[in-house]
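Residue numbers begin at 1 in each chain, while the letters A, B, ... track the order of the sequences. On a predicted model such as this, the values are computed, not experimentally measured, just so you know. We use all heavy atoms of the structure for the numbers below, so side chains are in, but hydrogens, waters and symmetry mates are not.
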Number of protein chains: 2
Amino acid sequence: MAPKRYEHPELADVPLAKALAALSDPCRVAIVRRLLDAERELACHEFELTQSKGTVSHHFRTLREGGFILTKVSGTECLNRLRLEEFNARFPGLLDLVIAEK
Amino acid sequence: MAPKRYEHPELADVPLAKALAALSDPCRVAIVRRLLDAERELACHEFELTQSKGTVSHHFRTLREGGFILTKVSGTECLNRLRLEEFNARFPGLLDLVIAEK
DNA sequence: GGTATAGTTTGATTAACATCAAACTAAGGA
DNA sequence: TCCTTAGTTTGATGTTAATCAAACTATACC
């Protein structure tokens with residue numbers, strides 16, 4: 001069967017409100033922070049989140065739709081990485097706020 | 001009777017997610033934008049919002065708790081102004097994103 | 001094929017939030 | 001004192017978002 005495809009919006013099409021809404025949940029801020037620290041791709045299960053699989057999947061989707069991350073399938077897992085340069089160009093300073101946070 | 005007192009959080013105590021959640025409503029973004037443009041104190045009723053008084057009061061409270069504004073009583077009205085320097089020091093670039101958007 | 005792992009999707013529940021109307025508080029002016 | 005203006009608070013309703021469990025998809029390995 002055809003492999004799963006993830007939709008990634010053009011950053012120009014992501015409204016500020018949508019990006020900010022994606023960061024309005026502390027859990028998602030933590031995910032972004034972790035990706036900033038790691039500086040490498042991370043699978044969803046590497047975040048050791050306390051919520052159920054379904055909820056975690058929802059948070060990653062929200063970050064994807066907010067333009068924060070790219071997700072690709074790799075074997076049985078899916079790897080996530082920040083759209084770092086692109087995102088900084090579209091929303092300058094926003095990721096820096098996440099870095100600065102605590 | 002004792003005059004109304006408004007609570008204003010220490011900006012250091014405002015989590016990023018809380019500030020961003022305050023910006024997740026278009027009405028509140030509009031209020032912040034208006035204050036940025038006005039560069040002076042504005043009473044709630046000067047915003048000519050379409051919602052009921054109660055709802056408007058709720059939005060201003062949310063912005064207060066998000067660290068965006070200071071409110072003080074003046075006669076029968078209450079005057080609002082941005083905590084501009086403070087806020088820029090706590091969340092550098094965030095207000096600039098609001099200015100830049102559209 | 002059978003089993004395990006990693007995520008997604010769906011359906012239902014719960015928690016937050018936006019909203020309004022109405023009652024209330026506080027100050028100003030007749 | 002009475003009336004008006006400006007805003008808050010409360011109680012109720014509708015909507016959106018977070019959450020979980022369970023069923024499902026896709027890959028890897030035996």
Side-chain angles (χ1 to χ4, degrees), chain A residues 1-8 15 17-32 34-35 38 40-66 68-81, chain B residues 1-9 14-32 34-35 40-66 68-81:
Chain A
M1 200 168 282
K4 169 75 184 171
R5 279 286 184 60
Y6 291 96
E7 299 288 331
H8 298 101
K18 185 146 194 168
L20 297 186
L23 281 188
S24 71
D25 186 293
C27 176
R28 291 192 291 263
V29 175
I31 291 172
V32 172
R34 181 75 187 288
L35 284 168
R40 66 170 178 96
E41 296 176 320
L42 290 173
C44 301
H45 64 100
E46 292 188 272
F47 290 81
E48 293 165 14
L49 300 171
T50 56
Q51 293 97 328
S52 71
K53 292 197 302 180
T55 300
V56 169
S57 180
H58 157 71
H59 285 315
F60 277 91
R61 175 212 282 257
T62 303
L63 288 173
R64 219 154 34 230
E65 294 176 348
F68 288 84
I69 61 174
L70 289 177
T71 308
K72 70 175 179 196
V73 173
S74 170
T76 64
E77 57 188 20
C78 63
L79 297 175
N80 302 279
R81 65 190 161 94
Chain B
M1 201 167 281
K4 170 73 184 172
R5 280 284 185 59
Y6 291 95
E7 300 288 331
H8 297 101
V14 177
L16 176 62
K18 183 149 194 168
L20 297 185
L23 283 187
S24 70
D25 186 293
C27 175
R28 291 192 293 264
V29 176
I31 292 172
V32 170
R34 180 75 188 285
L35 284 168
R40 65 169 179 97
E41 296 176 318
L42 290 174
C44 301
H45 64 99
E46 293 187 272
F47 289 81
E48 294 164 13
L49 300 171
T50 56
Q51 294 96 329
S52 71
K53 293 197 301 179
T55 300
V56 168
S57 181
H58 158 71
H59 286 314
F60 278 92
R61 177 213 280 257
T62 303
L63 288 173
R64 220 154 34 230
E65 294 176 349
F68 288 84
I69 61 174
L70 288 177
T71 308
K72 70 176 180 197
V73 173
S74 170
T76 65
E77 57 188 21
C78 63
L79 297 175
N80 302 280
R81 65 190 160 95

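For the segment residues 40-49 of chain A, the set of residues with a heavy atom within less than 4.0 Å of an atom of DNA chain C comprises A:Ala43, A:Cys44, A:His45, in numerical order.
The CZ atom of A:Arg61 sits 13 Å away from the P atom of D:dA17 (whole-angstrom rounding). If you measure from atom CG of B:Leu79 to atom C1' of D:dG7, you get 12 Å, rounded to the nearest angstrom. The distance from atom CG of B:Leu23 to atom C1' of C:dC17 is 16 Å, rounded to the nearest whole Å. We find that CZ of B:Phe60 is positioned 13 Å from P of D:dA6, with the value rounded to whole Å. Between the P atom of C:dA18 and the CD1 atom of B:Ile31 lies a distance of 11 Å, rounded to the nearest Å. Following rounding to the nearest Å, A:Glu65 (CD) and C:dT9 (P) show an atom-to-atom distance of 10 Å.
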Produce the list of close N/O pairs, under 3.5 Å, pairing protein atoms with atoms of nucleotides 19-23 of chain C; give distances to one decimal.
unit_1	atom_1	unit_2	atom_2	d
C:dT19	OP2	B:His59	NE2	2.6
C:dC20	OP2	B:Ser52	N	2.7
C:dC20	OP2	B:Ser52	OG	3.2
C:dC20	OP2	B:Thr55	OG1	3.1

Could you pull out the protein-nucleic contacts involving nucleotides 12-15 of chain C (nitrogen or oxygen on both sides, under 3.5 Å)?
none

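For residues 52-64 of chain B, the salt bridge (Lys or Arg N to Asp or Glu O under 4.0 Å) pairs, not counting sequence neighbours, are B:Arg61-B:Glu65.
Counted within 6.0 Å of CZ on A:Arg34, heavy atoms from surrounding residues, nucleotides or ligands total more than 12; the atom is thus considered enclosed.
Considering only heavy atoms from C-beta on, B:His58 stays 4.5 Å or farther from B:Gln51 through its side chain. In this structure, B:Glu77 and B:Glu46 have side chains that are not in contact, with every pair of non-hydrogen atoms separated by 4.5 Å or more.
Under 4.0 angstrom from either OP1 or OP2 of D:dG7 there lies no side-chain N or O belonging to B:Tyr6. Residue B:Ser57 places at least one side-chain N or O under 4.0 Å from the OP1 or OP2 atom of D:dT8.
The side-chain contact (heavy atoms from CB on, under 4.5 Å) check on B:Ala30 picks up nothing, with sequence neighbours excluded.
The aromatic ring centres of A:Phe60 and A:Tyr6 sit 6.0 Å or more apart.
Considering only side-chain atoms of A:Arg28, the nucleotide from D:dA18, C:dG7, C:dA27 that sits closest is D:dA18.
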Identify each donor-acceptor pair in which a side-chain atom of residues 17-27 of chain B lies under 3.5 Å from a protein atom, sequence neighbours left out, and give them as a table.
unit_1	atom_1	unit_2	atom_2	d
B:Ser24	OG	B:Ala21	O	2.6
B:Asp25	OD1	B:Cys27	N	2.8

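Judged by closest nucleotide on DNA chain D, B:Arg64 is the one of A:Thr62 and B:Arg64 placed further toward the 5' end.
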For this session: Evaluate side-chain contact (heavy atoms from CB on, under 4.5 Å) for A:Lys72 paired with A:Glu41, printing each intermediate quantity in order.
Result: CA-CA 10 Å; A:Lys72 70 175 179 196; A:Glu41 296 176 320; 3.3 Å; yes
For this session: I would like to know whether B:Ile31 and B:Leu49 meet side-chain contact (heavy atoms from CB on, under 4.5 Å); could you show each step before the answer?
Result: CA-CA 9 Å; B:Ile31 292 172; B:Leu49 300 171; 4.0 Å; yes
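B:Asn80 places a side-chain N or O within donor-acceptor distance of the main-chain N or O of B:Leu42, the cut-off being under 3.5 Å.
Smallest separation of non-hydrogen atoms from B:His8 and B:Ile69: CD2-O, 3.5 Å.
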